[in-house]
Amino acid sequence: MSPTVTAKRLLEEYGHTHAEEAGIQLRNTPAPLYQLLTLCVLCSVRIKADIAVAAAHELFKAGMRTPRAMAEAPWQDRVDALGRAHYRRYDESTANALGAGAELVLDRYRGDLRRLREEADGDPGQVRTLLREVPRIGPVGADIFCREAQGLWPELRPAFDERARHAAARLGLPKTPERLARLVDPEDLPRLAAALVRVELDKGAAADLRNAG
């Protein structure tokens, strides 16, 4: 199976992003960008991705879709939303991190993460550095944000983290982000990156794709 065909199969079978799963209609506007940041906070601990996605659903369903709403929500409401998603062990500390992160976004960026982008001035490394100033966001959370937001912020392209590149190598695809990016249209880069990470975490999926070739 050629790299182009493999990439097409990845998009068809595994190309759903975490933002899509969390019900985030990702656009370059303040609320969806903040919702993506919230999802990245939730993914930044050792917890299954589906639980983090479910926790995002519960927070958004409870009205915590903007930094103002998150900051003003009672701490117990945040804890309860996380609990409904079975986001155990980290619920109280994450409730604290979400509140503190919302305050940071409000104070530093006036609730609009596009100002973070402006401050980074087109430097993807600086975007990651600024993201890591948000409580709980580490390298993994920053990578997830950039992976998902590269469809909106072209300067982040191509964003394929270590897990995505490792999966690509196992599937016989190019190993560098630049060559991987040539396999799909620019708007499909977030989906290809997400698919590769999903295959890296699901060894059976990688075997199925290799066998199909």
Side-chain angles (χ1 to χ4, degrees), residues 1-22 24-28 32-33 36-37 39-50 52-53 56 113-114 116-117 120-132 137-213:
M1 190 158 46
S2 71
T4 302
V5 172
T6 299
K8 182 178 180 180
R9 281 203 61 193
L10 282 165
L11 293 178
E12 290 173 350
E13 298 181 27
Y14 305 101
H16 40 284
T17 67
H18 286 329
E20 289 170 342
E21 291 177 321
I24 301 169
Q25 296 181 357
L26 200 53
R27 299 185 301 275
N28 193 32
L33 290 172
L36 175 60
L37 184 72
L39 178 60
C40 293
V41 169
L42 296 169
C43 289
S44 292
V45 298
R46 291 184 177 275
I47 202 161
K48 291 182 178 180
D50 58 344
V53 166
L113 289 170
R114 292 175 298 184
L116 179 151
R117 182 190 186 191
D121 195 25
D123 181 351
Q126 186 63 11
V127 169
R128 286 177 166 82
T129 297
L130 294 173
L131 287 169
R132 291 179 64 178
I137 295 283
V140 171
D143 279 344
I144 294 171
F145 187 96
C146 292
R147 185 175 82 211
E148 303 261 341
Q150 65 181 315
L152 302 173
W153 297 357
E155 67 272 20
L156 298 177
R157 302 172 189 163
F160 293 95
D161 62 22
E162 183 177 354
R163 292 178 298 179
R165 296 194 303 273
H166 188 262
R170 289 169 57 219
L171 293 172
L173 296 177
K175 299 177 183 178
T176 66
E178 292 74 18
R179 290 178 62 202
L180 277 170
R182 297 188 194 120
L183 298 176
V184 298
D185 294 332
E187 61 268 23
D188 285 329
L189 286 172
R191 295 177 57 226
L192 179 60
L196 286 167
V197 171
R198 190 163 280 110
V199 167
E200 175 65 10
L201 298 175
D202 183 350
K203 307 306 181 187
D208 288 345
L209 285 163
R210 286 197 302 270
N211 292 336

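- Note that CG of Asp161 is 12.0 Å distant from NE2 of His166, once rounded to the nearest 0.5 Å.
- Using a 4.5 Å heavy-atom threshold, the side chains of Leu173 and Leu10 count as touching.
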Margin query: Using side-chain contact (heavy atoms from CB on, under 4.5 Å), reason through Val197 and Ile144 one step at a time and then give a plain yes or no.
Written below: CA-CA 10 Å; Val197 171; Ile144 294 171; over 6 Å; no

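- Contact record, Ala49 with His18: CB-CE1, 3.8 Å, taken as the closest heavy-atom pair.
- Residue Leu156 holds its CG atom at 8.0 Å from CZ of Phe145, rounded to the nearest 0.5 Å.
- A donor-acceptor pair is defined here as one N or O able to donate and one able to accept, closer than 3.5 Å; such a pair exists between the side chain of Arg198 and the backbone of Tyr14.
- At least one side-chain heavy atom of Arg114 sits under 4.5 Å from a side-chain heavy atom of Asn28.
- Between the CD atom in Glu21 and the NE2 atom in His16 there is a gap of 4.5 Å [rounded to 0.5 Å].
- One finds the OG1 atom of Thr17 at 13.0 Å from the CG atom of Leu189 (value rounded to the nearest 0.5 Å).
- Atom OG1 in Thr6 sits 8.5 Å away from atom CG in Leu183 (nearest 0.5 Å).
- Between Ala193 and Ala164, the shortest heavy-atom contact is O-CB, 4.1 Å.
- Between Ala52 and Leu39, the shortest heavy-atom distance links the atoms O-CD1, 4.0 Å.
- Considering CD1 of Ile137 and CG of Leu42, their distance stands at 9.0 Å, rounded to 0.5 Å.
- A donor-acceptor pair is defined here as one N or O able to donate and one able to accept, closer than 3.5 Å; no such pair exists between the side chain of Arg163 and the backbone of Leu201.
- What you find for Ala19 and Leu26 is that their closest heavy atoms are CB-CD2, 4.5 Å.
- Nearest heavy atoms, Val127 versus Trp153: CG1-CZ3, 4.3 Å.
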Next item on the list: Just do the side-chain contact (heavy atoms from CB on, under 4.5 Å) check on Leu152 and Leu33 with the steps written out, would you?
Entry: CA-CA 10 Å; Leu152 302 173; Leu33 290 172; 4.1 Å; yes

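- For residues 172-189, every residue pair satisfying the side-chain hydrogen bond (donor to acceptor under 3.5 Å, both in side chains) rule, not counting sequence neighbours, is listed here: Asp188-Arg191.
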Next item on the list: For side-chain contact (heavy atoms from CB on, under 4.5 Å), just list the numbers for Leu131 and Cys146, CA-CA rounded to whole Å, side-chain angles, deciding distance to a tenth of an Å, and then say yes or no.
Entry: CA-CA 10 Å; Leu131 287 169; Cys146 292; 4.2 Å; yes

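- The main-chain N or O of Gln150 is found under 3.5 Å from a side-chain atom of Arg157 such that the two form a donor-acceptor pair.
- Looking at every heavy atom in both residues, Ala22 comes nearest to Ala56 through CB-CB, 4.1 Å.
- In terms of modelled atom types and a separation under 3.5 Å, the side chain of Arg165 and the main chain of Leu180 share no donor-acceptor contact.
- Few gaps surround CD on Glu155; more than 12 heavy atoms of other groups in view lie less than 6.0 Å from it.
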